[in-house]
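In what follows, a single structure is set out as structure tokens and then discussed.
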Amino acid sequence: MEQIQHKHVEVGGLKLHVAEIGTGPKVVLFLHGFPETWYSWRHQMVASAAAGYRAIAFDFRGYGLSQQPPEPEKASFGDLVVDVMGVMDSLGINKAFLVGKDFGAMPAFQVALLHPERVSGIITLGIPFLLAGVSDIAIDHLPRGFYIPRWREPGRAEADFGRFDVKTVLRNIYILFCESELQVASDDQEIMDLVDPSTPLPVWFTEEDLKVYSSLYENSGFRTALQVPYRAMPEDHGITDPKITAPGLLIMGEKDYILKFPGMEGYVRSEKVKDYMTNLEIIFMAEGNHFVQEQLSEQVNQLLITFLNKHNN
């Protein structure tokens with residue numbers, strides 16, 4: 001961890017925080033989700049560098065140590081694509097493997113569709129190929145007491161989170177997101193109320209890890225994070241027949257609550273997702289949850305390095 005170097009690069013007038021380890025022309029770019037930052041990829045970064053790759057993770061705009069956009073409420077999924085391309089250009093990277101977790105998978109898919117010459121391969125964790133207007137899973141059919149519909153309401157999450165310090169909010173979200181079923185609040189509950197304060201952290205997530213995440217979110221706050229991914233609408237790029245031909249790997253935890261989204265499990269298990277990613281390998285991890293890259297880091301590292309070495313042309 002101490003070998004990871006940190007700096008900022010300018011993208012679209014914003015300073016984005018970049019973490020990097022390893023050298024050479026073979027590049028792996030890691031894209032975080034929520035409630036995460038670059039730090040969620042610490043295990044994979046070290047493993048990739050040890051295997052001979054240049055491993056890079058950055059904080060999306062408004063997250064962690066990256067600068068806030070001037071109007072966070074106008075931040076969009078398109079900004080994530082700008083961030084990815086901007087970081088690659090700033091670091092002189094012509095082509096990279098993209099590794100995306102949670103909403104970080106979305107810009108990976110978009111970059112592969114819009115700029116296929118820049119992508120060596122795509123690995124996503126927990127999120128299969130999704131594109132607005134084409135392969136949408138029925139997010140609108142989720143229970144209204146689930147966190148996604150709740151956090152889409154302006155001010156709702158802010159009031160909920162505001163009852164606690166940042167460390168408690170992140171602790172609660174990590175505990176909540178480790179569940180294998182959809183956790184749904186009743187009409188008289190908020191999302192934070194779903195977590196018993198006495199519930200311990202997962203064994204693979206230390207108090208030191210929580211301290212690091214807390215310091216990063218104390219710096220950034222949740223303003224941009226609630227906009228993207230929750231309140232921003234995925235843009236329709238007019239792609240009616242999307243096909244990603246780059247090598248792909250989808251890692252799904254069998255105990256990831258995402259599989260309980262309406263239509264999600266059938267979409268993955270039937271391999272309909274391969275209609276859009278024609279060179280895709282799907283791996284299910286029996287004990288894996290939503291944070292599989294931290295929970296089962298050594299197994300994920302092995303899958304990642306095997307894929308990288310296989311497709312490193």
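Below, all heavy atoms of this structure are taken into account, side chains as well, without hydrogens, waters or symmetry copies. Bear in mind the structure is a predicted one, so any value in this text is a computation, not a measurement.
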Could you check whether Arg118 pairs with Asp89 (Lys NZ or Arg NE/NH1/NH2 to Asp/Glu carboxylate O, under 4.0 Å)? yes
For Thr23, all residues meeting side-chain contact (heavy atoms from CB on, under 4.5 Å), sequence neighbours excluded: none
Using the ring of each side chain (for Trp, its six-membered ring), is Trp204 parallel, tilted or perpendicular to Phe291, with breaks at 30° and 60°? tilted
Compute the ring centroids of Tyr230 and Phe34, then answer whether they are less than 6.0 Å apart. yes
Whether the side chain of Asn301 engages the backbone of Ala47 through a donor-acceptor N/O pair (distance < 3.5 Å, no angle test) should be reported. no
Does Arg223 reach the side chain of Glu73, with side-chain heavy atoms less than 4.5 Å apart? yes
Heavy atoms only: give me the nearest Ile173-Pro35 pair and the separation to one decimal. CG2-CG, 3.5 Å
Donor-acceptor side-chain pairing of Tyr174 and Glu294 below 3.5 angstrom: yes
For Asp209, is there an ion pair with Arg42 - N to carboxylate O distance below 4.0 angstrom? yes
How about Asp196 and Thr199: does a side-chain donor come under 3.5 Å of a side-chain acceptor? no
Could you check whether any side-chain heavy atom of Lys167 comes within less than 4.5 Å of a side-chain heavy atom of Leu210, counting everything from C-beta outward? yes
Audit row: Glu190, Arg156, salt bridge (Lys or Arg N to Asp or Glu O under 4.0 Å) steps and yes/no: CA-CA 9 Å; Glu190 297 301 328; Arg156 185 93 184 234; 2.9 Å; yes
Evaluate the criterion salt bridge (Lys or Arg N to Asp or Glu O under 4.0 Å) for residue pair Lys255 and Glu287; output intermediate values, then yes/no. CA-CA 6 Å; Lys255 297 183 178 180; Glu287 297 302 315; 2.7 Å; yes
Exceeds 12 heavy-atom contacts within 6.0 angstrom, atom CD of Gln302: no
Under the side chain to side chain donor-acceptor pair (under 3.5 Å) definition, can you give me all pairs with a residue in residues 176-185, not counting sequence neighbours? none
Decide yes or no for Val99 and Trp41: does some side-chain heavy atom of the first lie under 4.5 Å from some side-chain heavy atom of the second? yes
Between Glu20 and Arg54, does any side-chain N to carboxylate O distance fall below 4.0 Å? yes
For Arg269, look at atom CZ and say whether over 12 heavy atoms of other residues, nucleotides or ligands are found less than 6.0 Å away. yes
Has Lys310 got more than 12 heavy atoms of other residues, nucleotides or ligands less than 6.0 Å from its NZ? no
After noting the C-alpha distance and the side-chain angles of Asp102 and His290, does the key distance pass the side chain to side chain contact (heavy atoms under 4.5 Å, CB included) rule? CA-CA 8 Å; Asp102 193 66; His290 189 62; 3.2 Å; yes
Donor-acceptor pair, distance only, cut-off 3.5 Å: does the side chain of Ser40 make one with the backbone of Thr37? yes
Could you check if a side-chain atom of Met252 sits within less than 4.5 angstrom of a side-chain atom of Leu259, using non-hydrogen atoms only? yes
Under the ring pair (Phe, Tyr, Trp, His ring centres under 6.0 Å) rule, what do Phe77 and Phe103 come out as? Steps first, then yes or no, please. CA-CA 9 Å; Phe77 279 94; Phe103 79 83; 7.0 Å; no
Side-chain donor or acceptor of Asp165 paired with backbone N/O of Thr168 under 3.5 Å: yes
Residues Met192, Val169; criterion side chain to side chain contact (heavy atoms under 4.5 Å, CB included); working and verdict: CA-CA 7 Å; Met192 291 293 103; Val169 171; 4.3 Å; yes
Is the distance from the ring center of Phe177 to that of Tyr257 below 6.0 Å? yes
Looking at CD1 of Ile191 and OH of Tyr147, how far apart are the two atoms once the value is rounded to the nearest 0.5 Å? 9.5 Å
Does a donor on one side chain and an acceptor on the other come within less than 3.5 Å for Asn309 and Tyr53? yes
Which value, rounded to the nearest 0.5 Å, describes the distance between Leu249 atom CG and Leu308 atom CG? 9.0 Å
Listed by chain and number, what are the salt bridge (Lys or Arg N to Asp or Glu O under 4.0 Å) partners of Arg231, not counting sequence neighbours? Glu158
Search all heavy atoms of Gln44 against all heavy atoms of Ser297 and return the closest pair with its distance. NE2-O, 3.8 Å
Taking atom CD as the centre, does Glu298 end up with more than 12 heavy-atom neighbours from other residues, nucleotides or ligands that are less than 6.0 angstrom away? no
Aromatic centroids of Tyr213 and Tyr63 separated by under 6.0 Å: no
Tell me the closest heavy-atom pair linking Cys178 and Asn289, and the distance in Å. SG-ND2, 3.7 Å
Does any non-hydrogen side-chain atom of Leu98 lie less than 4.5 Å from one of Val119? yes
Are the side chain of Asn172 and the backbone of Val195 linked by a donor-acceptor contact shorter than 3.5 Å? no
Does any non-hydrogen side-chain atom of Val111 lie less than 4.5 Å from one of Met85? yes
Indicate whether any N or O donor in one side chain lies under 3.5 Å from an N or O acceptor in the other, for Gln293 and Glu36. yes
Flag side-chain contact, heavy atom, 4.5 Å: Pro72 against Gln227: no
Salt-bridge test for Glu153 and Arg144: reply yes if a basic N is under 4.0 Å from a carboxylate O, no otherwise. no
Is there a donor-acceptor pair closer than 3.5 Å between any side-chain N or O of Ser66 and the backbone N or O of His17? yes
For Ala55 and Phe30, which heavy atoms make the closest approach, and how far apart are they? CB-CE1, 4.0 Å
Less than 4.5 Å apart, any side-chain heavy atom of Met88 and any of Asn94? no
Exercise: do Gln189 and Ser186 side chains pair donor with acceptor under 3.5 Å: yes
Hey, does the side chain of His8 reach the backbone of Leu65 with a donor-acceptor pair shorter than 3.5 angstrom? yes
Start with the C-alpha gap between Met277 and Thr245, add the side-chain angles, then the distance that decides, and say whether side chain to side chain contact (heavy atoms under 4.5 Å, CB included) holds. CA-CA 6 Å; Met277 295 186 70; Thr245 58; over 6 Å; no
Give a yes or no on whether the ring-centroid distance for Phe261 and Tyr267 is below 6.0 angstrom. no
With no hydrogens and no angle check, is any side-chain donor or acceptor of Glu254 less than 3.5 Å from a backbone partner on Ala286? no
Within the supplied structure, the quantity of interest is the number of heavy atoms (other residues, nucleotides, ligands) at a distance under 6.0 Å from Lys260 NZ; does it exceed 12? yes
Would you check if the distance from the ring center of Tyr276 to the ring center of Phe109 is below 6.0 Å? no
Glu10 and Ser90: side-chain donor and acceptor closer than 3.5 Å? no
Please walk me through it: do Leu16 and Asp59 pass side chain to side chain contact (heavy atoms under 4.5 Å, CB included)? CA-CA 7 Å; Leu16 301 187; Asp59 295 331; over 6 Å; no
Lys/Arg-Asp/Glu bridge criterion (N-O < 4.0 Å) met for Lys74, Asp79: no
Testing the basics here: between Asn279 and Ala246, what is the closest heavy-atom pair and its distance to 0.1 Å? CB-O, 3.9 Å
Going by the angle between their ring planes, with limits at 30° and 60°, are Phe222 and Phe161 parallel, tilted or perpendicular? perpendicular
Write down the atom of Gly62, the atom of Ser220, and the distance for their closest heavy-atom approach. O-CB, 3.5 Å
